[in-house]
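Below: the structure, in structure tokens.
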Amino acid sequence: MKRPAKLLALGLAVTMCAGALAGCSGNDKGTDRAESGDGQTLVAASNHFEGKFSPFFAQSKEDMDVVELITPPILTSDREGAIVENAIEGETREYNGTDYEYTGMADVAVTENEDGTVDYDITIRDDLKFSDGEPMDIDDVIFSLYVLCDPTYDGSITLYSQPIVGLEEYRSGMAVLSTLIGNAGPDNTDFSLWTEEQQTAFWDAVEDGGAKFAQSIVDYCVEEGLAEEGDVATAAANWAYDGLPADATAVDFFKAIGAAYDWSFSAMEAEAATESLASCLPEDVYNYGTTGVSTGESADHIAGVERTGDYSMRVKTSEIAANTIYQLGYYVGALHYYGDESKYDYDNHQFGFEKGDLSTVRAKTTEPLGYGPYTYKEFTNGTVYLDANPEYYKGEPKIKHLNFLESLEDDKTVGIESGTIDVSDPSYSDEVRKQITEYNGGSEELEGDVITMRLYDTLGYGYIGISADNVKVGSDPASEQSKNLRKAIGTIFSVYRDEAIDSYYGDTATVINYPISETSWASPKVTDDGYQVAYSSDVEGNPIYTEGMSTEDKYAAAKEAALGYFEAAGYTVENGKLTAAPEGAKLGYQVNIGANGNGDHPSFLLLKNAADAFAEIGFTLTVNDIAQAADLYQTYQSGTAEMWCAAWTATADPDNYQLYHSKGTTNYYKINDAELDDMIIAARQSTDQTYRKGLYQAAMEIIMDWGVEVPVYQRSDCYIFSTERVNLDTLTPDLTPFWDWMNDIEKLEMN
């Protein structure tokens, strides 16, 4: 869905309260609690469920929360998102000054071969059982891999995109019916692979349901002020579909969406505004998106997947891809439940289903069977009911029942106080903090008598971007003069970060100094050698600030240092002011910020103070407060913005090719540095985490030297718990985006 992605440009917390769309309230669902003792029940708030609790087809965060308790990923990650290679025996890793032991279901050994290939040897424990008592072995793992790599698989796991040896040969020779008919067009006359009736049904559905789907996007854009009534082309452009003619229809828009996704109906759901594509198309036509059609010869197995024992396998890739190890940490579905054991014969290249037919797997999408700490009971009246799994390899959880309750955003805090909810994740804000303080009798402590709050860093960070192409001296964005110009600007921006972020977020956000989320294992730590505050050195490389310096003295020192950079960039400086700019540069630039047109943004005060400081030295910073997020997004995506404020989201792997490589699709900074490109590629081509971290550290130093990004803030999200009902001494400590309250849940107890 485009809306949340574009709103991220505002740098503000964005929470989709899907529960509100469903019209459900946290106070009107069945939350019956069993008696204390062996029937304890914990109630957790959630947003709206899609009801896809399959380890293969779950997509929404809410469904995934349920899946991970029923079928946890086969590989274990630590609090920084790094994979634990020796999880069976366990590994000890330090986080936030504390050593933690991590154990899990499988080990993974990575071997880089001389020919450039890479072997991933995965070994699972030999004592794992599914909740129905059936043992798990490597055939279940291999079956699941083949499901995820099937040509008709359309779930959210992208293992099929990895460079596994023989995978392309296995997936070739077959396509889904919707892709074939869509690409052939409505005038096709070759019916060797499908019937004329199927083709007619397809294009009739496009004209009817497809138009309805596209029109719902147009209507949403009109409602948000992004387009005029009936202006499909403008609405499409704001949905990142440029180039439609001025008189485009909703059908034209839908065809453009179809072409962009190769007519994969499930993938096209990502564009939904208010209507799902499944609700718009006839069921039989929608199923064309998962109907496999043989189009030629293909391999009957994946050459790079080898069964090496009853509890082990090897996956060979043709090259190093840094995120392969994360993709191999998938969820395992039981062969005897999701597949057909009579169709599994590894030696004869049969893997539990007919290639191109995942009907047996899809049939169990709403009725999962797993091996995790909890088992699925039912989903009814907005509540998912789970029971403790006595077969769980770490031991049966102490809390016997766990209910996930669909809740409105406002109910996520009220429900804790009223007793209907025990744990929730409200979108953190000052209002939520004040509400919690009130419930706790005025106490501002994180642990109150009624509600206890646990903060953790958001998976992303806020920044100010500077275009190297648009803020430069002469014609060379890479020249030292151009870099000095941008570092002059960055020096002023940097010194005003603390006041702005403290004013906007209080203690729920911190100022960061490197262009990376602090949640990442690759993020520099304050204790690391060479750690520096962003833009805290002058043009000679000397520290701008000294210990004990007052805030006002820092502001003065920053202006003095900025003048030094401006002068080195070729500006004329007289009596502490800029009087002339060098060729290709200006005495002022504009920065765009999506602050709703009223200054509501964490970096707005920063820019206001910086503008005042710049004015004192003869430089004009124009702050352009853009009301519509899409308009802000367009300015820097199109390359017209000189500077802008936005926020990046992050993933477990810190690969930054798209952001900073000269060919990166989201390199809006226009940074083009051969040494940086080489480092980014080298980091992609290694599986050694220590080596990669060093490369990323060096890469970030180059980025900062270019002066194209000013890291600003790392904000917090939160979980809140009932202090009265949850034994918080048994809650796993040090929560992160990769390690939430459900980790170690078998140890959690109720009071």
Side-chain angles (χ1 to χ4, degrees), residues 322 461-491 493-494 497 512-518 520-526 528-544 561-562 564-565 568-569 636 639 642-644 646 648 650-651 653-686 688-712:
Y461 69 96
Y463 71 96
I464 301 174
I466 303 176
S467 169
D469 281 355
N470 298 333
V471 182
K472 65 180 184 294
V473 175
S475 59
D476 184 7
S479 70
E480 286 303 311
Q481 285 183 310
S482 293
K483 292 178 182 178
N484 284 330
L485 165 57
R486 296 189 292 268
K487 283 189 278 190
I489 296 171
T491 298
F493 282 161
S494 178
R497 295 176 303 164
I512 61 173
N513 293 304
Y514 289 87
I516 187 173
S517 171
E518 290 193 332
S520 173
W521 53 261
S523 174
K525 304 298 187 288
V526 176
D528 290 348
D529 290 339
Y531 184 93
Q532 285 191 340
V533 173
Y535 302 100
S536 62
S537 298
D538 64 20
V539 71
E540 302 294 334
N542 301 311
I544 298 173
Y565 277 114
Y636 61 81
E642 295 174 334
M643 296 180 281
W644 66 92
W648 288 120
T651 61
D653 189 80
D655 176 53
N656 54 14
Y657 180 95
Q658 300 297 350
L659 274 64
Y660 305 113
H661 192 279
S662 59
K663 296 182 180 179
T665 57
T666 55
N667 178 6
Y668 304 129
Y669 313 100
K670 304 302 179 183
I671 187 170
N672 189 343
D673 188 292
E675 184 180 5
L676 176 62
D677 284 355
D678 289 344
M679 286 182 180
I680 291 173
I681 295 299
R684 276 188 154 193
Q685 295 177 339
S686 174
D688 185 328
Q689 182 171 303
T690 300
Y691 174 66
R692 293 184 73 205
K693 182 173 182 177
L695 286 173
Y696 287 128
Q697 173 75 50
M700 284 184 277
E701 291 174 359
I702 293 176
I703 295 164
M704 299 299 283
D705 183 59
W706 268 69
V708 292
E709 181 175 343
V710 180
V712 181

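Bear in mind that the values here come from a model prediction, so they are computed numbers and not experimental data.
- When all heavy atoms of Trp521 and Pro654 are compared, the pair lying nearest together is CZ2-CD, 3.4 Å.
- Considering every non-hydrogen atom in both Val710 and Gly490, the closest pair reads CG2-CA, 3.9 Å.
- Here the straight-line distance linking atom CH2 of Trp706 with atom CD1 of Ile466 works out to 13.0 Å at 0.5 Å rounding.
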| said: As a quick check of understanding, evaluate side chain to side chain contact (heavy atoms under 4.5 Å, CB included) for Arg486 and Lys472, giving each step before the final call. | reply: CA-CA 7 Å; Arg486 296 189 292 268; Lys472 65 180 184 294; 4.3 Å; yes

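- Applying side chain to side chain contact (heavy atoms under 4.5 Å, CB included) to Ile671 and the options Leu659, Val708, Asp469 leaves one that passes, Val708.
- The ring-ring contact (aromatic ring centres under 6.0 Å, His included) test applied to Tyr691 returns no partner, not counting sequence neighbours.
- For the pair Tyr461 and Val712, the minimum side-chain heavy-atom distance is 4.5 Å or more.
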| query | When you look at Ile702 and Met679, which way does the side chain to side chain contact (heavy atoms under 4.5 Å, CB included) test go after all the steps? | reply | CA-CA 10 Å; Ile702 293 176; Met679 286 182 180; 3.8 Å; yes

| field | Pair Ser467-Met643, side chain to side chain contact (heavy atoms under 4.5 Å, CB included): steps then yes or no | value | CA-CA 6 Å; Ser467 169; Met643 296 180 281; over 6 Å; no

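- Although no hydrogens or angles enter the test, the distance criterion places a donor-acceptor pair under 3.5 Å between the side chain of Asp677 and the main chain of Ser662.
- Using a 3.5 Å distance cut-off with no hydrogens or angles, the side chains of Ser520 and Ser523 do not pair a donor with an acceptor.
- A donor-acceptor pair under 3.5 Å is formed between the side chain of Asp538 and the backbone N or O of Asn542.
- Between the Asn667 side chain and the His661 main chain, a donor and an acceptor come within less than 3.5 Å of each other.
- Every residue meeting the side chain to side chain donor-acceptor pair (under 3.5 Å) condition with Tyr696, not counting sequence neighbours, appears here in chain and number order: Arg692.
- Exactly one residue among Val539, Ile489, Leu485 makes a side chain to side chain contact (heavy atoms under 4.5 Å, CB included) with Tyr565. That residue is Val539.
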| Given Ser494 and Thr491, is the side-chain hydrogen bond (donor to acceptor under 3.5 Å, both in side chains) satisfied, shown in steps? | CA-CA 5 Å; Ser494 178; Thr491 298; over 6 Å; no

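- The CD atom of Gln481 sits 9.5 Å away from the CG atom of Asp476 when rounded to the nearest 0.5 Å.
- In this structure, the side chain of Asp528 does not engage the main chain of Pro524 through any donor-acceptor pair within 3.5 Å.
- Ring-plane geometry between Trp644 and Tyr463 is classed as perpendicular, the angle between the planes exceeding 60 degrees on a 0 to 90 degree scale with a lower cut at 30.
- No more than 12 heavy-atom neighbours from other residues, nucleotides or ligands sit within 6.0 angstrom of NZ on Lys663.
- When atom types are taken as modelled, the side chain of Asn513 and the backbone of Val533 share no donor-acceptor pair closer than 3.5 angstrom.
- Defined by atom type and a distance below 3.5 Å, a donor-acceptor pair is missing between the side-chain atoms of Gln658 and Thr666.
- In this structure, the salt bridge (Lys or Arg N to Asp or Glu O under 4.0 Å) partners of Lys487, at least two apart in sequence or on a different chain, are Asp705.
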| request: Start with the C-alpha distance between Gln697 and Glu701, add both sets of side-chain angles, then the distance that settles side chain to side chain contact (heavy atoms under 4.5 Å, CB included), and finish with yes or no. | output: CA-CA 6 Å; Gln697 173 75 50; Glu701 291 174 359; 3.4 Å; yes

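- Closest approach of Thr651 and Asp653 over heavy atoms only: OG1-O, 2.8 Å.
- For the pair Asp678 (side chain) and Glu675 (backbone), a donor-acceptor distance under 3.5 Å is absent.
- For the atom pair Ile703 CD1 and Leu676 CG, the distance stands at 5.5 Å (nearest 0.5 Å).
- The closest donor-acceptor contact from the side chain of Ser686 to the backbone of Ala683 lies at 3.5 Å or more, if one exists at all.
- Side chains of Tyr669 and Glu709: a donor-acceptor N/O pair is present below 3.5 angstrom, by distance only.
- The shortest non-hydrogen separation linking Pro711 to Ala534 is CD-CB, 4.4 Å.
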